[in-house]
Amino acid sequence: MPELPEVETIRKSIEPFLANAIVTAVDVREARLRCPVNSTDFSRWIIGNRIVSVARRSKYLIWQLENDASVIIHLGMSGRLGIFAADAAIETHTHVIFHLDSSIQVRYRDPRRFGLVEVTPPQAFATWFRFTNLGVEPLSAAFNHHYVANLLKKSKKPIKNWIMDAQNVVGVGNIYANEALFKAGIHPIRPANSLKNDEQRRLVESVKSVLTAAIDKGGTTLNDFRNARSEPGFFQLDLAVYQNDGQVCGSCGAIIERIVMSGRSTFYCPSCQR
DNA sequence: AAACGCGCCTGCGGGC
DNA sequence: TGCCCGCAGGCGCGTT
């Protein structure tokens, strides 16, 4: 489900409810996520402590607590994080419920259970193992032509797979990889090390502009994505190629094609993207 | 060693 | 109506 724009949309929508709230209880209704949810960690480091802020690194949401512990949440393919009144009916696949002293609840719901809810103890966050091999944030100054050019020349993998590899740059999943390559005019199967200088620059700018535009529209709601207030996003209306196979390219009039790369649907304009 | 294939899960829509 | 199939926004492991 969520790529960087959707996770950032949730971060922004949930932070006003979480900042300065105290976690009073955590119900783990289903512990079998990507990794087992550890109730003991919540008892030890989270319950009774105050949330200071909500950050994002890659597609992870990070609740930073006053005691310097943190709650790390990844939404996988189908995860949702929403604000609910304490008496609201509990939807199916609601696996973890955080009770706050403001009497509202944050509920983690994830039908496919590919997501993750875990705790880092105080001081552990900065060196947490899930973050150690991550590449740069795409919207940071560190994601620039110099950085990209240096890594691209070392890789022969298709450029689409390269930008979806979190060791290079984080947050770009299947939707935005397709969209960014369309905008950059680069064919998805091109080997990473075959990109010319101007193509490398266009790739950087396209990734940044597509992600920024998607955040501005509150993310892409294909099916079930909702922000913390259960509102959909609107970037699906601006998708140029994703799931548009068989339709006319809005830029040149050619027909958008679909191929499969590494098991993922890949959409591109055979005329605009070379 | 880099790059790919596959499995982890549930739900949905299409075809028969 | 109902069944079966393919497909879905991510990630990590094993194999080559």
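No hydrogens, no waters, no symmetry mates; every other heavy atom, side chains included, goes into these values.
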S155(A) vs dA3(B): side-chain N/O to OP1/OP2 distance below 4.0 Å: yes
N223(A) vs K154(A), nearer the 5' end of DNA chain B by closest nucleotide: K154(A)
L75(A) CG to dC9(B) C1', straight-line distance once rounded to whole Å: 16 Å
Side chain to side chain donor-acceptor pair (under 3.5 Å) partner of Y268(A), chosen from K160(A), E257(A), Q273(A), R258(A): E257(A)
Sugar-phosphate only, base, or nothing, as touched by Y242(A) at under 4.0 Å among non-hydrogen atoms: sugar-phosphate
Nearest-angstrom distance from the residue atom CZ of R112(A) to P of dG10(C): 10 Å
Spacing of L116(A) atom CG relative to dG10(C) atom P, expressed in whole Å: 15 Å
Phosphate OP1/OP2 of dG11(B) contacted by H93(A) side-chain N/O (<4.0 Å): yes
Residues R50(A), D101(A): salt bridge by 4.0 Å N-O rule: no
Touch class at under 4.0 angstrom, heavy-atom based, for N161(A) against every strand present: sugar-phosphate
Value in whole Å for how far the P atom of dA8(C) lies from CG of L222(A): 11 Å
Y176(A) and E6(A): side chain donor to acceptor below 3.5 Å: yes
Under 3.5 Å: donor-acceptor pair, side chain of N227(A), backbone of R229(A): yes
Under 3.5 Å donor-acceptor pair, R113(A) side-chain atoms to dC9(B) base atoms: no
Short N-O contact, K217(A) and D238(A), less than 4.0 angstrom: yes
Passing option when Y108(A) is tested against I97(A), L116(A), L75(A) for side chain to side chain contact (heavy atoms under 4.5 Å, CB included): L75(A)
Atom pair distance, as rounded to whole Å: CZ in R80(A) and C1' in dA8(C): 15 Å
Over-ring placement of R57(A) relative to F131(A), 6.0 Å and 45° cut-offs: no
Rounded distance (Å) that lies between atom C1' of dA1(B) and atom CD of Q167(A): 12 Å
Watson-Crick or G-U pairs under 3.5 Å in DNA chain C, rendered as dot-bracket with [ ] for crossing pairs and | for another strand: .|||||||.|||||||
Options dC8(B), dG9(C), dA8(C), nucleotide nearest the side-chain atoms of F114(A): dC8(B)
Lys/Arg-Asp/Glu bridge criterion (N-O < 4.0 Å) met for E91(A), R107(A): no
Base versus backbone protein contacts along nucleotides 11-16 of chain C [heavy-atom cut-off under 4.0 Å; B, S, -]: SS----
P-based separation of dG7(B) from dC5(C) [nearest Å]: 16 Å
Euclidean distance, atom CG of residue D110(A) to atom P of dG9(C) [Å, nearest integer]: 15 Å
Given dA8(C), dT10(B), dG5(B), the nucleotide with the shortest approach to the side chain of S265(A): dA8(C)
Ring center gap for F182(A) and F267(A) short of 6.0 angstrom: no
F98(A)/F42(A) aromatic ring centres below 6.0 Å: yes
Rounded distance (Å) that lies between atom P of dG11(B) and atom CD of E91(A): 13 Å
Separation of the P atoms in dG6(C) and dC6(B), to the nearest angstrom: 13 Å
